[in-house]
Number of protein chains: 2
Amino acid sequence: MQTTLEFDQVFSALADATRRDIVRRAMDAGEGVAELASHYPMSFAAVQKHVAILERAGLVTKRRIGRRKVVRTNMAGLLVARRLLDQYEELWRGRIDRMTELVTEPKESNP
Amino acid sequence: MQTTLEFDQVFSALADATRRDIVRRAMDAGEGVAELASHYPMSFAAVQKHVAILERAGLVTKRRIGRRKVVRTNMAGLLVARRLLDQYEELWRGRIDRMTELVTEPKESNP
DNA sequence: CATCGGTACAACCATACGGTTGTATGACGC
DNA sequence: GCGTCATACAACCGTATGGTTGTACCGATG
């Protein structure tokens, strides 16, 4: 089961446009941190921090290849977020069903 | 289409345990802000702020009923987040497919 | 071994965030 | 109109966050 901390980390990690773009880019993995950094209008260190945040949240992994560390997104991490949303959707559906039930099965018999 | 700001707001709104719980509670709507606040170990004002953040993010709506304002979650808002994740999943799948293709359709004919 | 490319990390700064208290607005019951 | 319940909002405070620069740590290559 997911801990609240896990949810906090995943959602706050995704709450930044640069990080969302890194996640997207790191799907076709092959780029190291420096290569990733070249796409954004900020310092290398800033991007390196973003990657670290994504890594702590379990959204990407880093693997050493030669002198670089290649960043690759971890689908399992994204699924953590999705599971919460699915859970909400299920609750929502349940609520709708209960309302429908009230309407189609009234207390008294109908004409 | 979703704007970056919309994504920022939705994900950062969901990156807080109290707010996630409010979203869950507000599905079975019926509670006003004060009633919601009674569930959490913090001031009314703090909860009111959380609700405001959720409202700006489009995750809940408030409707006046008598002297209260009843909070109800807005499923459409949650679907904004889900769409992004679905989009990621699709990209991921596409990447897997391309890799599979490389494996099952090698350059040269196989023995 | 010296160097250089790539990464990590610490220190610092401005601003945003989560919480507090206090005050103002709005709608109902008398 | 008056009190009061429910909500809104401003001011303030400590800490987290997103950015910067500078320095130290590998690992490949001359």
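What you see below is based on every heavy atom in this structure, not just the backbone, and it leaves out hydrogens, waters and symmetry mates. Naming convention: chains lettered A, B, ... in sequence-line order (proteins, then strands); numbering from 1 in each chain.
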Chemist: Provide, to the nearest angstrom, the distance between the CD1 atom belonging to A/Ile22 and the P atom belonging to D/dG18.
Modeler: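 It is 11 Å, rounded to the nearest whole Å.
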Chemist: Between C/dT7, D/dA6, D/dT21, which nucleotide gets closest to the side-chain atoms of A/Phe44?
Modeler: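 Within the option list, the nearest is C/dT7.
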Chemist: Measure from the side chain of B/Lys69, starting at C-beta and using heavy atoms only, and say which of C/dA8, C/dG29, D/dA8 lies closest.
Modeler: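 Within the option list, the nearest is D/dA8.
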Chemist: Could you work out which one of C/dA27, C/dT7, C/dT20 sits closest to the side chain of B/Met42?
Modeler: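 Looking only at heavy atoms from C-beta outward on B/Met42, the closest nucleotide is C/dT20.
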Chemist: Compare side-chain N and O positions of B/Arg19 against OP1 and OP2 of C/dG18 and report whether any pair is under 4.0 Å apart.
Modeler: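 Affirmative; the distance criterion is met.
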Chemist: Go through D/dG19, C/dA8, C/dG18 for me and flag the one nearest to the A/Val33 side chain.
Modeler: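 Selected nucleotide (nearest to the side chain): C/dA8.
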Chemist: Which nucleotide, D/dT20, D/dG18, C/dC4, lies nearest any side-chain atom of A/Ile53?
Modeler: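 Between D/dT20, D/dG18, C/dC4, the one nearest the side chain of A/Ile53 would be D/dG18.
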Chemist: Is any side-chain N or O of A/Gln48 closer than 4.0 Å to OP1 or OP2 of C/dT7?
Modeler: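 So the side-chain polar atoms of A/Gln48 never come under 4.0 Å of the phosphate oxygens OP1 or OP2 of C/dT7.
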Chemist: Roughly how many Å is it from CZ in A/Arg68 to P in C/dG6, rounded to a whole number?
Modeler: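 So the CZ-P distance, A/Arg68 to C/dG6, works out to 8 Å.
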Chemist: Please report the distance, rounded to the nearest Å, between CD in B/Glu31 and P in D/dA6.
Modeler: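 B/Glu31 atom CD is separated from D/dA6 atom P by 13 Å.
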Chemist: Between B/Ala45 and A/Lys49, which is nearer to the 5' end of DNA chain D once each is assigned its nearest nucleotide?
Modeler: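 Whichever sits nearer the 5' end wins; that is B/Ala45.
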Chemist: Using atom CZ of A/Arg64 as one end and atom P of C/dG5 as the other, report the distance to the nearest whole Å.
Modeler: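 Rounded to whole Å, this separation is 16 Å.
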Chemist: Within the structure provided, determine whether A/Leu79 and B/Glu89 are in side-chain contact (heavy-atom separation under 4.5 Å).
Modeler: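 Heavy-atom side-chain distance check passes, below 4.5 Å.
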Chemist: Strictly below 4.0 Å: does A/Ser43 bring a side-chain N or O up to OP1 or OP2 of D/dG19?
Modeler: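 For A/Ser43, the contact criterion (side-chain N or O under 4.0 Å from OP1 or OP2 of D/dG19) is not met.
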Chemist: Quick check against the 3.5 Å criterion: does B/Arg64 have a side-chain atom that pairs as donor or acceptor with the backbone of B/Arg67?
Modeler: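 Flag set: sc B/Arg64 to bb B/Arg67 pair under 3.5 Å.
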Chemist: Judged by atom type as modelled, is there a donor-acceptor pair below 3.5 Å linking the side chain of A/Asn74 to the main-chain atoms of A/Thr61?
Modeler: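 Judged by distance alone, no pair lies under 3.5 Å.
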Chemist: Rounded to the nearest angstrom, tell me the gap between atom CG in B/Asp8 and atom P in C/dA16.
Modeler: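 In whole Å, C/dA16 P lies 13 Å from B/Asp8 CG.
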Chemist: Taking NZ, NE, NH1 and NH2 as the nitrogens, is one of them in A/Arg83 or A/Asp86 under 4.0 Å from a carboxylate oxygen of the other?
Modeler: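 The answer is no: the pair does not qualify as a salt bridge.
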Chemist: Do any side-chain nitrogens or oxygens of B/Lys62 fall under 4.0 Å of OP1 or OP2 in D/dA8?
Modeler: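 Affirmative; the distance criterion is met.
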Chemist: What nucleic acid atoms does A/Arg67 come within less than 4.0 Å of, heavy atoms only: base, sugar-phosphate, or nothing?
Modeler: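 A/Arg67: base contact, heavy atoms under 4.0 Å.
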Chemist: Using whole Å, what does the distance between atom P of nucleotide C/dG18 and atom OH of B/Tyr40 come to?
Modeler: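 Rounded to the whole Å, the gap is 15 Å.
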Chemist: Side chain of B/Arg72, backbone of B/Ala29: donor and acceptor closer than 3.5 Å?
Modeler: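 The answer is no, because no donor-acceptor pair under 3.5 Å joins these two groups.
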Chemist: Given atom CG of A/Leu54 and atom C1' of D/dT17, what is their separation to the nearest angstrom?
Modeler: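 My rounded result for the distance is 14 Å.
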Chemist: Starting at atom CZ of B/Phe11, determine the distance to atom P of D/dT17, rounded to an integer number of angstrom.
Modeler: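 Nearest whole value for this atom pair: 18 Å.
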Chemist: Can you tell me if the side-chain N/O atoms of A/His50 get under 4.0 Å from OP1 or OP2 in D/dG19?
Modeler: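 So the side chain of A/His50 is within the cut-off, an N or O lying under 4.0 Å from OP1 or OP2 of D/dG19.
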Chemist: Within the structure shown, what part of the strands sits under 4.0 Å from A/Ala34 by heavy-atom distance: base, sugar-phosphate, or nothing?
Modeler: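 Sugar-phosphate only.
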Chemist: Heavy-atom distance under 4.5 Å between the side chains of B/Thr18 and B/Met42, does that happen here?
Modeler: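 Yes, side chains in contact.
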